[in-house]
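Let me begin by presenting the structure, written as C-alpha cells, before commenting on it.
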Amino acid sequence: MGEFKDSAPVRVVIADDDGVFLESLGVLIEAQPELKVVGAARDGLEAIELTAALEPDAVVIDPHMPRLDGVTAIARLRRDHPYICLIALTGDAAPALHQAAGEAGADGVFVKGEFLDKLLSRLGSARVTEPPAVVSIERHLGHRA
C-alpha cells in the first residue's frame, strides 16, 4: 500500500501554550498551499478534544503543555488515531524529552528554530494508509509473567 493522494490540503491541528508562537506557527503552515490549519489548542487536553472533533491529518504539539502534557497527549492521540501524523515541536533540546515523545508515538521531534524545513516536509506527507509501527511496552520492559 502506498500514500493516499489527494488534492485537498493536509489538515493540521497545532498545539502550544505560547500564544505568540502558536499564532506564528499557524501563519507559517498556512503559507504552504498544501497545508491548512484547522484548529489551534493551548494545552494537551484541548489538543485531544480538537483532534477528536476535527479529524485532522496531522497534529503539531509542544511536549511542555498545561493541563495535560504533550507527551501524554501524544500517547493518547496515537492510541485513538493510529493513522495521524504526530509531530512534537519543542524548545527543549533534552534528548530524554525527545526520546519520550518518540516512544509515546510522535512521528518526528523537532526543536523550535530548527524545524521549518523538516516540519513542512513531514506534514506534506502526512497521509498514509498504514499506522506507524507500534512498539510494545512489554518489549521495552521485558516480558513479565
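Nothing fancy with the numbering, it's 1 onward along the sequence.
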Exceeds 12 heavy-atom contacts within 6.0 angstrom, atom CZ of Arg42: yes
Steps toward side chain to side chain contact (heavy atoms under 4.5 Å, CB included) verdict (Leu89, Asp62): CA-CA 5 Å; Leu89 181 59; Asp62 184 349; 5.9 Å; no
Approximate separation, where rounding is to 0.5 Å, of Met65 CE and Asp18 CG: 10.5 Å
ILVMFWY cluster, Phe110 and Val10 together (side-chain gap under 4.5 Å): yes
Least distance between heavy atoms, Pro33 atom then Pro9 atom: O-CB, 4.1 Å
For Leu97, the rest of its hydrophobic cluster, which grows through side-chain links under 4.5 angstrom: Val71
Nearest heavy atoms of Leu22 and Ala40, plus distance in Å: CD2-CB, 3.9 Å
Basic-acidic side-chain contact under 4.0 Å: Asp107, Arg78: yes
Main-chain N/O of Val37 paired to Glu30 side chain as donor or acceptor, under 3.5 Å: yes
Atom of Ala73, atom of Gly44 and distance for their closest heavy-atom approach: CB-O, 3.9 Å
Smallest separation among heavy atoms of Gly102 and Val109, with atom names: N-CG2, 4.2 Å
Non-neighbouring partners of Arg79 that pass salt bridge (Lys or Arg N to Asp or Glu O under 4.0 Å), sequence neighbours left out: none
Between OG1 on residue Thr72 and CG on residue Leu77, distance to nearest 0.5 Å: 10.5 Å
Nearest-0.5 Å distance, CG of residue Leu54 to CD of residue Glu49: 11.0 Å
Nearest-0.5 Å distance, CD1 of residue Ile84 to OG1 of residue Thr51: 5.0 Å
Rounded distance [0.5 Å steps], CG in Asp43 versus CG in Asp69: 11.0 Å
Side chain Arg11, main chain Glu55, donor-acceptor under 3.5 Å: yes
Between Asp92 and His64: side-chain donor-acceptor atoms closer than 3.5 Å: yes
Side chain to side chain contact (heavy atoms under 4.5 Å, CB included) assessment of Ile87 paired with Ile61: CA-CA 6 Å; Ile87 303 294; Ile61 187 167; over 6 Å; no
Nearest-0.5 Å distance, CD1 of residue Ile48 to CZ of residue Arg67: 10.0 Å
